[in-house]
Peer 1: 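Following this message is one structure expressed as structure tokens.
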Amino acid sequence: MSHPFDLTDAQARLHTEAFDQSQDAMQELDRPASHYLQVPWASLYELTGPIAPGEIWMVGAFSGRGKTTFLTSLVDELLQRGDTVYYMGLESRPKMLRTYFAAYRKGYAPGEILSGTAKLHWPEWPSVRAEVKGEIDRMMRLGADSRLHVNGQPRIVAEQLGAAFEEAASVGARLLVLDHIDQVQADRGNAYAVSRAVVETLEDLAKHYEIAVLVSTQLNNEVVKGDPLAQLRPPLPHHVYMGGHKRHVVTGMLGIYRPIDPQARPGDIKAVKAGEAEPLSIATPNTMGVVCMKHRHFGNREGNRITLRVERGRVSESNERDRYATGYDDVRRV
């Protein structure tokens with residue numbers, strides 16, 4: 001007769017797992033509040049709430065609609081309040097990213113510096129150049145201003161992500177930014193298999209190193225074919241490029257868009273729909289819309305929208321009275 005306290009191998013394993021899981025849960029409850037990342041801009045924080053170490057948030061937009069502007073502006077706010085950030089800009093070379101942040105710090109629009117506009121047309125260019133170069137040098141030096149770490153690899157494969165996370169952990173990064181995930185490669189047979197491998201690798205590494213991750217992704221451009229107004233509406237989850245497995249992994253997903261101007265005339269809107277005018281001609285000036293497409297912790301926030309201000313290539317909080325007005329309903333009625 002077996003002793004009542006004798007356990008089979010399966011039972012022993014389940015008891016051990018239950019103990020380990022309970023210890024992990026209790027440690028999470030004891031995690032200091034300072035370990036949670038708080039995104040800048042009060043209206044955005046109302047959408048996301050705090051981001052725990054190891055969580056992944058994804059930001060999606062159509063091509064050229066503000067992913068990098070959103071990410072770099074957000075990161076600069078974090079840097080200025082003392083957080084350390086590890087940045088992987090697969091669409092922007094490291095020297096461009098360094099210039100982005102230096103320009104922000106000195107109050108210049110990054111595009112005017114990077115495009116050569118300032119060099120060719122600003123009489124004060126020599127003094128501007130000196131300011132930006134001085135800021136690049138200051139942010140590069142060891143010390144309090146070296147909290148930005150930019151990955152220098154021109155191309156990343158899934159197998160190299162581990163080294164990036166290890167670097168991020170070694171410098172105490174609160175956030176790892178990957179702009180954007182669809183540029184990461186993997187040794188797989190087709191695009192879907194590559195995307196799935198990259199997402200699964202990212203999930204494992206974020207949990208292992210307990211670093212919050214902010215990832216940008218492409219929206220499927222097929223959505224706007226035949227409907228030019230689609231890029232002026234809040235994106236929907238199924239607009240995300242290969243978004244099924246991405247949605248399963250991330251804690252939250254945000255969509256970025258250029259909302260229609262509430263003052264846009266019906267005739268102008270119809271001209272855009274007919275392909276006779278550019279969609280941005282009826283977009284709200286200096287405005288970026290953000291919609292919550294997924295929230296694992298607060299499902300009731302899904303579909304909520306805010307607007308942020310964009311001026312001289314930098315994102316900031318909108319005015320209180322208009323930060324929730326997007327003009328989306330006007331688009332739907334026309």
Side-chain angles (χ1 to χ4, degrees), residues 20 24 27-28 31-32 34-39 48 50-60 67-68 70-72 74-79 81-94 96-98 100-101 139-140 142 146-188 193-218 240 242 245-254 294 296:
D20 292 342
D24 289 343
Q27 287 178 10
E28 187 66 30
R31 185 188 295 279
S34 61
H35 288 192
Y36 293 82
L37 185 73
Q38 298 184 50
V39 299
T48 67
I51 299 176
E55 291 185 345
I56 301 173
W57 275 77
M58 190 166 285
V59 179
K67 294 189 298 295
T68 299
F70 176 86
L71 292 175
T72 52
L74 184 149
V75 166
D76 190 55
E77 295 281 354
L78 296 179
L79 293 172
R81 76 183 189 195
D83 291 328
T84 299
V85 179
Y86 188 92
Y87 203 108
M88 304 178 71
L90 302 186
E91 284 195 315
S92 303
R93 289 169 290 176
M96 295 175 64
L97 289 169
R98 293 282 178 184
Y100 253 98
F101 290 105
M139 292 181 68
M140 172 269 296
L142 295 178
S146 66
R147 291 184 296 269
L148 172 65
H149 299 272
V150 180
N151 184 286
Q153 297 295 323
R155 294 179 181 81
I156 296 290
V157 298
E159 292 75 14
Q160 294 174 325
L161 285 173
F165 271 85
E166 186 174 354
E167 286 183 349
S170 72
V171 297
R174 296 284 308 281
L175 177 70
L176 184 147
V177 176
L178 177 58
D179 183 20
H180 65 78
I181 192 171
D182 303 307
Q183 295 290 339
V184 181
Q185 303 168 6
D187 186 16
R188 297 294 188 276
V194 168
S195 180
R196 192 176 186 93
V198 170
V199 169
E200 291 174 353
T201 300
L202 193 68
E203 178 187 25
D204 292 342
L205 290 169
K207 290 178 179 177
H208 176 75
Y209 286 96
E210 292 199 322
I211 297 176
V213 179
L214 185 58
V215 180
S216 70
T217 185
Q218 186 74 22
V240 177
M242 297 189 185
H245 54 276
K246 293 175 181 176
R247 184 176 174 85
H248 288 308
V249 165
V250 300
T251 297
M253 187 177 286
L254 302 173
K294 179 199 172 171
R296 180 170 294 162

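As the structure is a computational prediction, the values presented were derived from the model and not from experiment.
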Peer 1: Inspect the surroundings of CZ in R296 and state if more than 12 heavy atoms from other residues, nucleotides or ligands are less than 6.0 Å away.
Peer 2: yes

Peer 1: Would you say L37 and L214 make side-chain contact, with heavy atoms under 4.5 Å?
Peer 2: no

Peer 1: In Å and rounded to the nearest 0.5 Å, what is the CD1 to CZ distance from I211 to R174?
Peer 2: 11.0 Å

Peer 1: Within this structure, what is the OG-OH distance for the pair S170 and Y86, rounded to the nearest 0.5 Å?
Peer 2: 8.0 Å

Peer 1: Charged N to carboxylate O below 4.0 Å: is that the case for K207 and E203?
Peer 2: yes

Peer 1: Kindly say whether K246 contributes a backbone atom to a donor-acceptor pair with the side chain of R196 at under 3.5 angstrom?
Peer 2: no

Peer 1: Can you name the nearest heavy-atom pair linking A158 to V184, along with the distance?
Peer 2: N-CG1, 3.8 Å

Peer 1: Donor-acceptor pair, distance only, cut-off 3.5 Å: does the side chain of R147 make one with the backbone of M139?
Peer 2: no

Peer 1: Return yes when atom CD of E166 has more than 12 non-hydrogen atoms of other residues, nucleotides or ligands closer than 6.0 Å, and no otherwise.
Peer 2: no

Peer 1: Quick one, T84 and H149 - any side-chain contact, counting heavy atoms below 4.5 Å?
Peer 2: yes

Peer 1: Identify the two heavy atoms, one from S195 and one from M242, that lie closest to each other, and give their separation to 0.1 Å.
Peer 2: CB-SD, 3.6 Å

Peer 1: For residues R98 and L148, determine if any side-chain heavy atom of one lies less than 4.5 Å from a side-chain heavy atom of the other.
Peer 2: yes

Peer 1: Just by modelled atom types, is the A197 backbone N or O under 3.5 Å from a matching donor or acceptor in the E200 side chain?
Peer 2: no

Peer 1: Determine yes or no for a side-chain-to-main-chain donor-acceptor pair under 3.5 angstrom, with K294 supplying the side chain and V250 the backbone.
Peer 2: yes

Peer 1: I need the minimum non-hydrogen distance between K67 and S216, along with the two atoms involved.
Peer 2: CD-CB, 3.9 Å

Peer 1: Looking at F101 and T72, what are the two nearest heavy atoms and their distance?
Peer 2: CE2-O, 3.3 Å

Peer 1: Are L176 and M88 packed together at the side-chain level, in the sense that at least one heavy-atom pair is separated by less than 4.5 angstrom?
Peer 2: yes

Peer 1: Decide yes or no for H180 and T217: does some side-chain heavy atom of the first lie under 4.5 Å from some side-chain heavy atom of the second?
Peer 2: no

Peer 1: Please give me the minimum heavy-atom distance between Y209 and G162, naming the atom from each residue.
Peer 2: OH-O, 4.0 Å

Peer 1: Can V59 and D179 be said to form a side chain to side chain contact (heavy atoms under 4.5 Å, CB included), step by step?
Peer 2: CA-CA 9 Å; V59 179; D179 183 20; over 6 Å; no

Peer 1: Answer whether the closest heavy-atom distance between the side chains of V240 and M253 falls below 4.5 Å.
Peer 2: yes

Peer 1: Nearest 0.5 Å, please: how far is CD1 in I51 from OG1 in T251?
Peer 2: 8.0 Å

Peer 1: Can you name the nearest heavy-atom pair linking I56 to A206, along with the distance?
Peer 2: CG1-CB, 4.0 Å

Peer 1: With a 3.5 Å distance limit and no angle check, can you tell me whether D182 reaches the backbone of Q218 through a side-chain donor-acceptor pair?
Peer 2: yes

